[in-house]
Amino acid sequence: MKYSFFSLSRNAVNYHRDWPLAWRSPAPKPHYDVVIIGGGGHGLATAYYLAKEHGITNVAVLEKGWIGGGNTGRNTTIVRSNYYLTENARFYEHSLKLWEGLSQDLNFNVMFTQRGVLNLAHTLADLENQARRGNAMRLNGIDALALNRQEVASMVPALDLSPTARYPILGGLLQPRGGTARHDAVAWGYARGADARGVDIIQDCEVTGIRRDGNRVLGVETSQGFIGVGKVGVAVAGHSSVVAGMAGLRLPIESHVLQAMVTEPVKPMLDTVVTSDAVFCYVSQSDRGELVIGGDIDGYNSYAQRGNLPVLEHVVGAAVALFPAISRLRMMRLWGGIMDMSMDGSPIIAKTALDNFYVNCGWCYGGFKATPGSGWCFAHTIAQDRPHEINAPFTLDRYTLGRAIDERGAGPVPWMH
Amino acid sequence: MSSDGGGGGSSNPMRVADLGRIDRTRALSFTFNGTRYSGFEGDTLASALLANGVRLVGRSFKYHRRRGIVAAGAEEPNALVQLETGAHAEPNLRATQVLLYDGLVASSQNCWPSVGFDIGAINETLSRLLPAGFQYKTFMWPASGWRTYEKFIRRAAGLGRSPKLADPDRYAHRHAHCDVLVCGAGPAGLAAALAAARGGARVILADEGSEVGGSLLGDRAQVNRNDATRWVQEGATELKSTPGVRVLVRSQVAAIWDHGMATVVEQVGSGAPVPTHLPRQRLWKIRAREIVVATGAIERSIAFGDNDLPGVMLAGSARTYLNRHGVQPGRRAVVFTNNDSAYHAALDLHRSGVEVSAIIDARPEPSGSVFDAAIAAGIKVHAGHGVLRALGGTTVRAALVAPVDVSGRAASDARGTAFPVEGDVLLVSGGWNPAVHLWSQARGKLKFDEALATFVPDPANRPPPHVRCVGSAAGAMQLADCVVQGLAAGRAAASDAGLGRSPTMFPPMVERETTCPLLPVWQVEYPEAHRYKRFLDLQNDVTVADVELAAREGYRSVEHLKRYTTLGMGTDQGKLSNISGLAILAGAIDTPIAQVGTTTFRPPYTPVTLGAIAGPGTGLALDLMHRTAMDGWHAANGAVFMNSGLWRRAQFYRQGRERDIEAVNREVRAVRNGVGLVDISTLGRIDLQGRDCAEFLQRIYINDFAMPAIGRCRHGVMLREDGMVFDDGTVTRLGERHYLMTTTTANAVAVMSRLEYLLQVEWPDLDVYLTSVTEHWSGMALAGPRSRAVLEKVADIDVSDAGLPYMAYRACRIAGVPARVFRISFSGERAYEINVPAGHGRATWEAMMAAGQPEGLVAYGTDAMDVMRIEKGHFVVGPEADGRTTPDDLGLHRMIRKEGDFIGRRSLSRPGLAAEDRPQLVGLVPVHAREPIPRGSMLVVEPRQVTPYPMEGFVGSTCFSPTVGCAIALAMVSRGHLRKGRRLWAMSPLMRMSIEVEVVDPIFVDPAGDRLRG
Amino acid sequence: MLLIVCPHCGPRDQVEYAYGGDAKVRRPADPAAATDAEWSAYLNERDNPAGEHDEHWQHAMGCRRWIGVRRNTLTHEVVSTWALQPAKTA
C-alpha cells in the first residue's frame, strides 16, 4: 500500500486496521544469489539497490537481532558531506544527493531535514583548516560557507560567543545542505522498499560460520540453518572483524564504543547541527525536542554497547561550555554503539581476497550519513564484481600500498580518527 | 471541590487531619499556573496540588489531552512542570519529585494559552489521522514541503522551555569509596545497610527520598507489632551512629558503571534554591566493592477507555498521598485491580473517611487477608469485573463497569451489562514491576515471573558478581520477604567485601498476609473499545491501538515497537508503560511475554542534570589553560593571546592603535633588522639519559645521530611508522650520556608517550631513561642580527662565534640564573634559545628586556615567528606536515640517513608513498605583487571550470612578508619541484577569490643561510 | 568506569591510563627484510576479538609504565594485568 496522506485518511476510517506488513518475515530459502550479512541501514540499503539498480532480487538480508538495531539506531543522526579529501568528499556527496530524494524514492518519510551542519572554529588553526576544507568542498561541487563570529551568533544564539570563553568561537564552516534524519526510519524504509522488490529480510538469524571451498564462499551457517550463496556481502559495522574472521580474513579494524545521549525534550532552541572539533562534541535538537549530544569514542576496544563516565563527563562539559543555558536540562537516555574504527578513519567498500566475499566496514563515526551511498556503492561492487569509481579508492589493499585516505592525518591508530 | 485550580489561600480542602509526615506548623506558599496556594513542609509539589484540589496539571505530548497526577514518584508521566523562571528555570520536573518550598513558582507545560484552554487540543480531533508512525507515511509531498511541515511538528513537540541564560548555580563532584553501596532505603535496603554495617563494612546508603524508609513511609505497615516507621527510625539512628556509614538522602543512584562504580545525584538543600556557597547538586562517584540494589517496585496500570482522565490514579500512589502527605485524592473512590495491593489503598482510604464506592476486581474469585478485611469494612467488591471506560468531562465522574473474563474481555453485549460506579477518583492497580533498572545497567539478566506477570532479576544469571538485587526490586511482594532478603544480602555483601563472616541478624517481626494470586489483565477489551483511547504511555500518548498497529505492520521486536510508537521514550522512560506495552504486543503477535523480552534499561534511572554530569569541568575549567611563566608580562605589555593546544600564547604585542598586521610587521622588521625576544616555553622538552641514547636517537630520527659531539645541537625529524612526518625538533647532546630533545608544542605529550612505548615494549634492552621536562624550563628565543650584543650583556660565557658557534650549546648563567643557551634558529636570523628553570622565567625575561633596551630589543609573538619561518621555508607540523606528508614531500630527502633502520623507513618504499605525483613543498608568490594569497586556498591550473575541479595542491601557510614586500606562501603541490616558474591559481571560493600565483623555491629569505651564521 | 590494577602501583581508575591497543603487535626485527604484506600486517592488522583481548595501557598519570592488560571486550572485565619487563634501576 502506497504511503500518502490519502491512504492515511482512508485507513483512519477503519481505525487503521488494514495496514499491511511493512516487510514480510519469511523463513530463509536454501540458496540466494546474494546474502547480505547485517540488517542495519547499510545492509538493507545494499539489498534495496541490488534489486532496484541491478535487478538482483534473489537476495536475503540476515540480521542476528532486529533490523536497524546496531549503529543505525544508535547514532546522532547527522548527515553531511563536509570532507576535505577528494575521495571522501565525492563519496559522501554522492550519499548526500541520495538522501535528498530518499523519502520519495522509498515512499517512506525518513524525515531528512537540511537544517545545516555548522562546524565551529575556536582557534586560528581551526579557521585555516576550515578554510582549506571549505574551499576543497566548493571546488568538489559541495556547498560550504565560512561564517564569521557575528554570523554564527545570529544563526545559533544559544552559543556562548564571549571572547573570554575557554575556547572562544571565532567563526565556523557551514554546510547548509547537511542535516539530520530519523535514523530508525531509514532502516524501515529500506527494508520496506527491498521487501517490495522481493528481498527476504530475515531477523533473529545470526551467522555463526562461513563455509568455504578454497577461495570461494559456499554459504553461511546461521542460527536458522545453512544458507547457500552466490555472493556474500558483509555490512556488520562493529562486528566486521568477527564476521570476516569466520571467513579467515583479518581486517584493519578495531571496534570501539561511542556514547551518545539525549536530553529531555524542550521547545525548539537549536535548529542547526553544531559541531566542534576543538572540544569534540556535537549537538542537535531532534523533532521531538530532545537535544542529541555526542562526542569522542571511549578509546579502548569494546563490543559492550556501553561506555563509561570520563568521556561522558567531558562531552557534557563541552556541550555546556558551548551552550551555557543547557546546564539545567537533563540527560534522559545514554547509549553506546560499536564503531568499526579503521586504520585511516575512512571506510572500506571492497572486494576481498575471496572470490565472492565482499566487505563494507570501517565507518568509524561516519556510518549513518553514508547509508544510502554505502548501500549504492556496495550493491554496485557486488553486482558487477568491481567497485564503482566512487568507491574505487576505498579498497582493502590501500593500507598495504600506502594509499591511506587519512582525513585527520592521524596515522594507523584507529582510536585517533 | 474545585477541579481546575482555584482553592487558593491556606485552605487545603483535601487534607486530612491526623495523617502524614508533613510539618503542619510550617505552612509554605507557592504559585502554580499563576494561582497562589499553600502546602506544608514535607509536601511535594504534587501532594500540595492534590491537597488544594488541583486536578488538571498538564497536557499530553501529542493530543494535548487534559492530564492529572497519576503517581507519587519517579514514574509520574503527566505532572511535568516548569519550575521557576529566568536563569533559574528548569523544565520537565515531575511535580511528584519536587519538594515544596516557600515561594515556589511552577507552571504547566506544552499548553497555550493555558492548561485549561489549550489550542493544541485540536490535535485530539485530528487524532484519527495521527496513529503511531503517521509521520513516516505522509509529509512527503512536495519533497520540499517537509521542512515546512517539520517546523509545525517541532513547535508542537518538546515539553518545557530551556532557560536562555547561563546557569547561575554550581555543581560539585565528589568521590567516595565503600565496601557496600545500598541503592534504596526502603525495607530491603535499610535491612541490607544495617546488616552490612553490623558486619563492619563501610556502607553508603542512598535514597532519592527526603528521608529513609521508602515505601514504609506511605503504607502503614507494622513491624515488631509497631508502626513500621518506628523500625525505620531506629535503623536510621543506628546507621547514623555507626562509623564508616554514610546515609545520603535526596540522592538518586542514577547509574551503575563498570567495575563497581556508581553515580549518585544528590539534591543539595531541602528543595529551595541553595545559597551561593553550596552546589545545587552533587554528583557522587562511588566505587563500591559490593552493590545491593533495593530500588523497590513500580505499580502499573490497566488500559481501559479514557484511562487518562484527571482523577485516574495508581492505587499505591493514592495510598502514599494519604499516609505520607495526609491528602485524600478524592471524596469518593472507585478502585480497579487485578491483585491484592489495591485493597490496602481502599482500606486506608476507607479508614480515613473516603467513601469507597466499590472495588472492581478482575479476578473471578478474590480471597485472602485483604479481601476479607475489605468485606469486613463493608466495601463492595465486584469480582470478575472490569472498568470499560472512565466517565467524565474534565475529570472522573464514574467508572463504566462490566463483567469480564480472565483475559479482561467483556462480553459482546457489554452495553447491556455495563453499569456506572460513581466516584471522583478511579484508583487502579495492574500489579507491580520491580525497578530492575540498576540491576540491568550492571549487566544483570532478567527472567519472566509468571506469578507477578513481569520481569524480575534472575539471581542465577548474575554476570557482575558484586551486584545483588533484593526486596520488591527482586520480585518480593511481601514486606517480611523484603526485610529477610535485605538482611541476607547485606551480610553476604559485607562478607564478600572481605570483612569475614558477620553476625547473624534476626529479622524483625512482620506478619505475613495470605494472598490471592494476581490475574494478568493488561487491558479491558470490548467490542466498542476502539472508539476510546486506552493509553499505555500517558506521556507520549501511546495507546493499545498504536501497539496493535505496530504489530500489524511488522514492528514486532520490542525495540521496533518502542521506536515506532515512541512507547517508553518519554522523560519517564516507560517506567509505567513498558511492561504493559510489551504484554499487549505479546498478545497481538501471540507470543509469550517472556519471549518478547524487554528493551534495554539504559542509564540514567531518572534524568540527570547536564550541569551535574559536567560538574566543575565546564566553562573555563573544561580544559585548564596552560600559561607560561612569562604570561603575566605578556598580558601587561599589550599581548593579544591565542590558543595553541592547551596553552595560551602571545600572538603579537599591540602598541598604541596599531592594527594587527601592523604589529606583526613591526615585530618581524625588528627581528630581521635588530633583535627580538619570543616566549617558546611551550615547546616540548624531553631529557634522555643512558648508555644507549645515541642508538635510540638513530632509531627514531631520520637523520644521522651517530656522533654528535657534546655541546652540539642537531635538527631532527621523526616519522610515524607509516612513513608520515610525525614531529620535528632539535636534539642537543648535553653530556656523554645525556641529551635534550625538543618537540613541537602540539605533539609534546604524544611524542613522549610514543618514545616510552618504544623503549618499554619494543626495545627494552636499550639503556635510555626519559623524563618530560617541558614544565621545568622556561624557554625564550633571542633572535636577530643584534642578538649577540644583547646576550653578551646577560650571559657569563663567551658568546662569540668561536665560543658559541651555530648549532652549539653551552651551560651558563643568564642575569645570574643558571641557564642553557642553544644557538638554534627558527627565524633564519642569528638566534639563541635560552632555557632557565621555570621559576626564573619571568625574571630572566624581564632582565633580558632591560638589557636589550639599548639594542632596541622587542618582544615578538607567534605571528611574527610564523611569518619568519614561512620566509625561511620551514614547514611546520599542521599546515604543511599534515599527517599525510612524507619527508620527501617536504624536501627532506637529503636529510635521510643512508644506512640503517628508523621508525617509518620501511613504509617509505610503499608505492603510495613513492608515487611521482605526490605533493611537494614549494613557495608561492602572487603574479600581481599587490594581491594576497588567500588562507586555505586550493591550487588549480585553470580557475574557470565546472565542478569538480582537479586540484593540484593547497596553500599550507601564507602571510604578507615585510621582508619580501609581498604575499608569500608555502604550499604542497603535486610534482611541485617540476612546476617551479610555472603558474597556478590559488582559489578560495569561500572568500570569492582566485589569485594567480607563481611556483617558486620555498626559501624566500637568505637561501644560503649567511644571516644564520652571523 | 574501569579499575585497572597497575602491576607497579596497584588499582587505579581508568582516567590515569592511556590506551595502547593490541598487545600482540610487534615490530618486525628487520623491517627492511619484511615483505609488503608482513609490514602491512604489522602496521594495520589488529586482533579485535569480541571477548578476551590482550592490550597495552600506559599508566600515564602514574608511573608512566606501559603494562599488559587482559580485558574482556564484551563485559569490560579486566581478567589480569602484568608488567612488561622487570623494573629497571637507574
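Given the structure is predicted, the values throughout are model-derived calculations rather than measurements. Basis for what follows: all heavy atoms, side chains included, without hydrogens, waters or symmetry-related copies. Labels below follow one simple rule: chain letters A, B, ... track the order of the sequence lines, proteins then strands, and each chain is numbered from 1.
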Check your understanding: With B:E553, which residues qualify under salt bridge (Lys or Arg N to Asp or Glu O under 4.0 Å), at least two apart?
Key ->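 Salt bridge (Lys or Arg N to Asp or Glu O under 4.0 Å) list for B:E553, sorted by chain: B:K137.
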Segment of [X] engaging chain A (4.5 angstrom heavy-atom cut-off):
{"X": "B:Q109", "answer": "neither"}
{"X": "B:M951", "answer": "side chain"}
{"X": "B:L646", "answer": "both"}
{"X": "B:F139", "answer": "both"}
{"X": "B:F641", "answer": "neither"}
{"X": "B:S557", "answer": "side chain"}

Practice item. Check each atom of A:T263 against the heavy atoms of chain B and say whether the ones under 4.5 Å are side chain, backbone, both or neither. Key: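 Contact with chain B: side chain only.
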Practice item. Counting only heavy atoms closer than 4.5 Å, note whether A:D287 contacts chain B via side chain, backbone, both or neither. Key: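 Answer is both: backbone and side chain atoms of A:D287 are under 4.5 Å from chain B.
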Are side-chain N/O atoms of [X] and [Y] paired as donor and acceptor at under 3.5 Å?
{"X": "B:S988", "Y": "A:N135", "value": "yes"}
{"X": "B:Y136", "Y": "A:R182", "value": "yes"}
{"X": "B:T571", "Y": "A:E264", "value": "no"}
{"X": "A:Y399", "Y": "B:D722", "value": "no"}

Electrostatic pair [X]:[Y] at N-O distance under 4.0 angstrom:
{"X": "A:R408", "Y": "B:D882", "answer": "no"}
{"X": "A:D271", "Y": "B:R154", "answer": "yes"}
{"X": "A:D406", "Y": "B:R884", "answer": "no"}
{"X": "B:E84", "Y": "A:R328", "answer": "no"}

Review point. Hey, do the aromatic rings of B:W141 and A:F5 have their centres closer than 6.0 Å?
Key: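 Between A:F5 and B:W141, which both carry aromatic rings, the centre distance is not below 6.0 Å.
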Review point. Taking the six-membered ring for Trp, are the ring centroids of A:F112 and B:W146 within less than 6.0 Å of each other?
Key: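 No, too far apart.
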Check your understanding: So which of B:H88, B:Q82, B:Q281 has the biggest tally of heavy-atom pairs under 4.5 Å with chain A?
Key ->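 Greatest number of close heavy-atom pairs with chain A: B:H88.
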Practice item. Would you please name every residue forming a side-chain contact (heavy atoms from CB on, under 4.5 Å) with B:P911, sequence neighbours left out? Key: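 Once residues adjacent in sequence are excluded, the partners of B:P911 under the side-chain contact (heavy atoms from CB on, under 4.5 Å) criterion are A:L401, A:R403.
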